[in-house]
Each structure stands twice: as structure tokens, then as C-alpha cells.
Amino acid sequence: MSGPPLLQVDGLRMHFFTKAGVVKAVDDVSFSVGRGEILGLVGESGSGKSMTGYSIIGLVDPPGRIVEGRIVFDGTDLTRLDAAAWRGVRGSRIAMIFQDPMMTLNPVLRIDTQIVEAVQAHADVSRESALARAREALVRVGIASPDERLRAYPHQFSGGMRQRVAIAIALVNGPDLIIADEPTTALDVTIQGQILFEMQKVCRESGTALIWITHDLSVVAGLADEVCVMYAGRFVESGPVADILDRPLHPYSRGLIDSVPSRNARGRPLRQIPGMTPSLLSLGPGCPFRDRCTSATARCAESPSVTEPSPGRRLRCFHPNA
Amino acid sequence: MLAYAIRRLGQSLFVLVLMSFLVFIGVFAIGDPIELLVNPQADEVERIRATAALGLDKTFLEQYWVFLKGAASGDLGKSFVYNVPALSLILQKLPATIELAFVAMVMAIFLGIPLGLVAGLKPDSLVGRGIMAGSILGFSLPTFWVGLVLIMVFSVNLGWLPSNGRGETTLVAGIPVSFLTLDGLAHIAMPAVNLALFKLSLLIRLTRAGTREAVLQDYVKFARAKGLTQGRVIGVHVLKNILIPIVTVIGLELGSVIAFAIVTESIFAWPGTGKLLIDSINQLDRPVIVAYLLVIVTLFIVINFVVDVLYSMLDPRVRLGGAAAAH
């Protein structure tokens with residue numbers, strides 16, 4: 001890849017300042033996404049992967065705040081933008097899709113209103129030309145008879161259909177980057193496959209980069225170019241998808257991969273990671289995974305720094321898998 | 001839609017008949033109006049003549065039947081006291097009450113919804129807390145007390161506003177209204193504020209609760225992710241969703257404001273139906289009481305119907321007549 005990456009997240013820390021204490025939802029996370037590249041951001045619930053996504057699009061609500069780090073998008077540090085400049089980026093250059101398609105579309109507004117407002121928020125165009133773009137976007141995500149669909153309300157659509165509409169809204173302004181926060185988790189498996197296929201196709205065609213946030217490694221396997229694994233708000237390891245899946249270095253990635261049922265392990269009990277994710281409130285220094293880790297030693301009470309064991313791979317662990 | 005309207009009409013007629021019957025029983029049980037209407041010095045012959053003239057010599061059911069027959073042709077009987085048709089007596093006083101109620105409701109809506117939005121968007125700010133504290137006062141202070149304090153401050157001490165009557169009125173489509181003249185406005189200001197206070201507090205709380213719930217929804221986050229301005233996110237995405245319960249409550253409350261403006265009307269001597277009702281109950285003027293309640297119930301029914309229609313316009317998931325939305 002030539003030139004600087006489209007998005008460079010550098011030492012990002014996003015904390016929630018609650019009455020019970022500081023919750024370090026995102027704690028020193030770094031990764032980059034090239035133009036047209038697909039990054040899988042993987043982790044369990046509460047690993048901070050969604051909050052990383054919200055930080056990139058500037059939708060962190062108080063008491064949450066980005067306390068440190070840079071989010072350089074196409075040469076601009078987004079953390080330094082004011083509210084108006086942020087609004088210019090959101091929906092036009094960076095778009096986001098959410099997990100539950102039943103909730104993301106406003107139930108009392110027609111589809112055309114919801115797409116046209118997204119167009120008109122960023123371009124001074126007439127309603128007619130905004131509608132033309134809306135129609136085009138719906139066709140791109142595989143919605144037949146867009147004119148009829150535009151006049152409908154969300155409740156007249158199925159879940160998969162609504163997610164297609166949400167994707168069309170994300171695509172309508174031709175963004176450089178789409179952040180997809182588990183957009184297929186709430187859908188049937190068949191629909192999930194269709195959406196994944198559609199999404200991959202559209203991004204390849206338009207050169208849109210994609211951050212796919214998920215807990216599902218099997219989704220990432222077929223979709224992403226790069227993978228970044230997070231645990232308890234912290235960066236764990238990253239690298240090309242095939243490398244990570246074949247040869248995970250961090251014991252946590254290893255555990256995640258082993259937890260996925262596979263054909264080769266038929267009949268045998270599934271391996272699991274013992275214990276549960278620690279509370280982010282009481283997390284001290286050191287590797288947050290050490291209590292559940294079989295390789296952990298006394299040394300793990302200190303925080304390991306990020307190393308680069310081979311080109312393109314980054315890791316935060318003292319005891320990588322061989 | 002038409003079938004729905006017809007069904008609603010049938011239900012409404014049933015409600016009206018049932019309500020009038022209950023009121024009949026109630027007033028019948030309170031006492032014999034003859035005692036109040038006839039001069040105590042009158043002899044027995046005079047009493048019997050008066051009783052027969054008012055139809056009070058008949059049995060209860062016969063009296064009700066006479067009333068029903070009259071009501072079917074639009075005649076709700078004559079006032080025992082004034083000897084004029086009860087309905088015209090009420091319709092003559094009704095515009096004053098409706099005007100007062102509308103002015104109060106408009107105040108409550110145009111102050112309550114914005115204040116509620118502010119309180120809902122910034123629940124922890126000083127302004128948000130202040131609004132909520134004020135709404136608690138509006139809720140808990142009794143109407144009559146607030147009315148008296150208003151009169152004391154603005155009429156007695158400051159002398160800014162008149163304390164009773166409608167003031168100068170102008171005719172709009174043959175109906176006298178106060179709010180178009182300066183003098184009329186001065187007269188309506190205090191009673192309207194007094195009447196609006198409770199509804200204002202209610203709307204603030206309702207709007208605040210709806211807003212706090214709505215801003216957490218994914219569709220609000222998604223709307224922000226589109227890069228919409230804060231104004232559009234709040235004014236369109238949030239407001240249109242929270243308006244659904246608000247419109248329902250406004251409809252119900254409009255009816256109750258008209259019906260229960262009695263206290264305010266008594267304090268400010270506002271010449272509306274509330275005062276008429278109190279007088280009629282004191283004199284056991286049954287036709288007026290029954291006619292008043294029929295008119296109020298009819299108003300409630302009409303308002304509820306309008307609210308249902310509005311509701312279906314605001315929320316696309318609601319379709320009148322039970323026809324399922326096409327999938």
C-alpha cells in the first residue's frame with residue numbers, strides 16, 4: 001500500500017467519568033485502515049470495540065470523553081474538530097451502521113425523508129436530485145422497486161430490508177469510511193450472508209474502507225483484510241486476517257478462535273476461555289487477560305508494550321503462542 | 001375510515017344516553033327542586049300547579065322518558081329557574097369557557113413542550129433542574145390558592161390587571177371573544193395562567209420524560225451519524241416521536257380544562273359555564289345540569305375523535321379502522 005493510510009488511530013483512550021469511578025472503555029488502542037480496506041474489529045461484549053467506533057465518528061456522549069490519542073482521518077486529526085466541522089464529516093465522509101435495524105430507522109418518518117435529509121445535510125441540492133441519489137443508493141444495496149420503497153415507513157419492512165436501507169443511507173453520500181457495528185448480528189443467517197455479500201461488493205466497487213465491528217470471527221474470516229482484536233478496552237493484537245486466524249499469537253485470540261465450533265472438532269467438547277471479562281471499573285495495571293490466561297506469569301502484572309513480531313503484525317503480550 | 005366513524009358515533013350515543021340516565025338518578029336523589037323554586041308562603045294548590053308545570057308530578061322513569069323524547073329532537077328541556085331552553089343557556093355561556101380553556105391550553109403547549117425539551121436534553125444542568133422544580137410547584141399548589149395569590153399580587157398590590165370579568169369583547173362570527181382587544185387580554189391573562197399552570201407542569205414532565213427516553217434510542221444516534229444538525233435531530237426525529245403521547249394527553253386535558261374550569265371561573269368571576277353549573281346545582285336546576293353534562297361529554301367525544309385522527313397522522317403504524325398495514 002502506498003501513501004499514508006486513510007484512518008490512523010493512535011493511542012486512543014476514551015473514558016467514562018461516572019459517579020462510581022472512571023471506566024476506561026477504550027484504553028490505548030491503535031490501528032490503521034487503508035483506502036478501500038476492510039478491518040475487522042473483534043472482541044467480546046464490553047471489550048470497547050463499539051466505543052472505538054463511536055469515538056471515530058464523534059458520537060461519544062457524556063460522561064464519556066476522549067482523553068488521549070489521535071484519530072487522523074485523511075490528514076486531519078478528528079479529535080481536534082469543533083462540533084460544526086464534525087458534523088461535516090459525519091454522514092458524508094465517515095458513515096456508521098448500527099446493530100439493530102429495527103431501532104436505527106426512525107419509526108415515524110418515511111424512508112424518503114430519512115434518506116433525503118442525509119443528502120441535504122451535506123449537499124445543497126434540490127429534493128428531486130436528492131431523491132434520485134436515494135433511489136440509486138437503494139438499488140445499489142439490492143432493493144427492488146425503490147420508488148415504492150421510498151414512500152414506505154420502516155415498520156412495513158423486514159429486518160434485513162431495514163438494514164439494507166440503513167446501509168443505503170450510509171452509502172448515499174459516497175463516504176470514504178463506513179463503520180459497521182455488528183450490523184448482521186440481529187439478522188437471520190441467510191439474510192446475514194446476503195448483507196455481507198452486498199456490503200463487500202459495494203465497498204469494493206466504490207473503494208470505501210470498512211471497519212466491521214463484531215464478536216463473530218467466522219464473519220471476519222470471509223470479509224476482512226485485516227483484523228484487530230480488543231480485550232477489556234485494550235488492544236490485543238492485529239494483523240492480516242489469514243495470519244491471525246491460522247497463527248494467533250495472543251492467548252486471548254487463540255481462545256476466541258478455539259471457541260468457534262468447527263468441522264474438524266466434531267463430537268469433541270468445545271474449548272472455552274475460563275472466567276469472564278473483568279469489570280472496567282476495577283481494572284488495574286498489567287495485562288487484563290492474565291486472570292484467565294493459561295500462560296500468565298508474575299511478569300504479566302506489568303503492562304506489556306506493543307511489539308511487532310513480524311512485518312504487519314502487532315502484539316501486546318509477554319508470552320505469545322509459539 | 002367511514003366504518004370507523006360510524007362505529008364511533010354509535011358508541012358515543014350509547015355513552016350519552018347512559019350518562020344522562022346516571023345524572024337523572026343523581027339529581028333525583030339530591031332532593032325535590034320544588035322546595036327551592038316555589039315561594040315558601042305558597043299554598044298547596046300553587047305547589048301542585050308548579051310541580052305539574054315542571055313535569056315533576058310524574059314518576060322518575062316517566063320523567064326520563066319525556067326527557068329522552070325531547071333530546072331526540074334536540075330539546076333538552078327548559079331551565080326550572082330561568083324558564084328558557086337549557087341548551088341555549090349553556091351555549092350562551094360556553095364561548096367564554098372555551099376561549100379561556102383554549103388560551104390556557106395554548107399557553108401550556110407553547111411553554112410546556114419547549115421547557116420540557118430543554119429539561120429532557122439537559123437533565124443535570126441548572127436550567128433543567130430549575131424547570132423541574134418549577135413544575136413540581138405547578139403540580140402541587142392548589143388552583144384556588146394560586147388564583148387568589150395572583151389577584152392579590154397583580155390586582156390588589158400592583159394594580160396591573162383586572163381581577164374579574166371578560167373585559168371588552170369583539171364579535172368573531174357572532175361569538176364574543178376577549179383575546180382580540182387589549183382590555184380583553186388584560187382580563188383573560190390571569191385566569192388563563194391560573195388554569196394553564198397545572199397543564200403546563202404536566203406537559204413539561206411528559207415532554208421531559210419522552211425526550212430523555214428518545215435521545216437514547218438508536219434512531220437518534222443514527223440521525224446524528226448522518227451529520228444532521230442538532231436542530232433537525234431534536235426538532236424532527238425526537239419531537240415527532242414524543243408528540244404521539246403528548247397529543248393524546250393534550251386532547252384529554254383540553255376536555256378536562258373546559259369541564260373543570262369551574263374553580264378558576266368562580267375565583268375570577270369569569271362568566272362561563274362553570275359558574276352556571278355551580279348555580280344550577282345549588283338550585284337543583286336539573287335540565288341545565290343534564291344539558292351541561294351532555295354538552296361536555298359531547299365535547300370530550302369530539303376531541304377524542306380528533307385526537308385519534310391526529311394520532312394516525314403522527315404515527316404511521318396506527319391505522320384507523322383496524323386495517324392491517326401492508327407488508
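Quick note on labels: first sequence line is chain A, next is B, and so on, each numbered from 1.
- In this structure, Arg212(B) contributes its side chain and Leu121(B) its backbone to no donor-acceptor pair below 3.5 Å.
- Heavy-atom pairs under 4.5 Å with chain B were tallied for Gln99(A), His122(A), Arg90(A), Met102(A); the largest tally goes to Arg90(A).
- Look at Glu198(A) and Arg140(A) and you find no salt bridge, because none of the NZ, NE, NH1 or NH2 atoms lies under 4.0 Å from a carboxylate O.
- When the candidates Met161(A), Glu117(A), Gln120(A) are compared by the number of heavy-atom contacts under 4.5 Å with chain B, Glu117(A) comes out ahead.
- In this structure, no portion of Pro154(A) lies under 4.5 Å from any heavy atom of chain B.
- A donor-acceptor pair under 3.5 Å is absent between the side-chain atoms of Asp181(A) and the main chain of Ser50(A), judged by distance alone.
- Judged by distance alone, with hydrogens and angles left aside, the side-chain atoms of Asp77(A) form a donor-acceptor pair with the main-chain N or O of Thr79(A) at under 3.5 Å.
- Between chain B and the options Met96(A), Arg87(A), Arg110(A), the largest number of non-hydrogen pairs under 4.5 Å is found for Arg87(A).
- Contact annotation for Ile57(A): only side-chain heavy atoms (C-beta onward) come within less than 4.5 Å of a heavy atom of chain B.
- Between Phe17(A) and His15(A), the ring planes lie tilted relative to each other; the angle falls in the 30° to 60° range.
- Heavy atoms closer than 4.5 Å to chain B are found in the side chain of Asp61(A), but not in its backbone.
- For chain B, the nearby parts of Gln114(A) are the backbone and the side chain; heavy atoms of each come within less than 4.5 Å.
- A side-chain contact (heavy atoms from CB on, under 4.5 Å) with Met199(A) holds for exactly one of Ile97(A), Val141(A), Leu171(A), Thr208(A); it is Ile97(A).
- Remark: Arg65(A) fails to qualify as a cation-pi partner of Phe16(A) under the 6.0 Å distance and 45° angle criteria applied to the six-membered ring.
- At a 4.5 Å heavy-atom cutoff, the contact between Ile169(A) and chain B is made by side-chain atoms alone.
- Of the atoms belonging to Ala84(A), not a single heavy atom falls under 4.5 Å from chain B.
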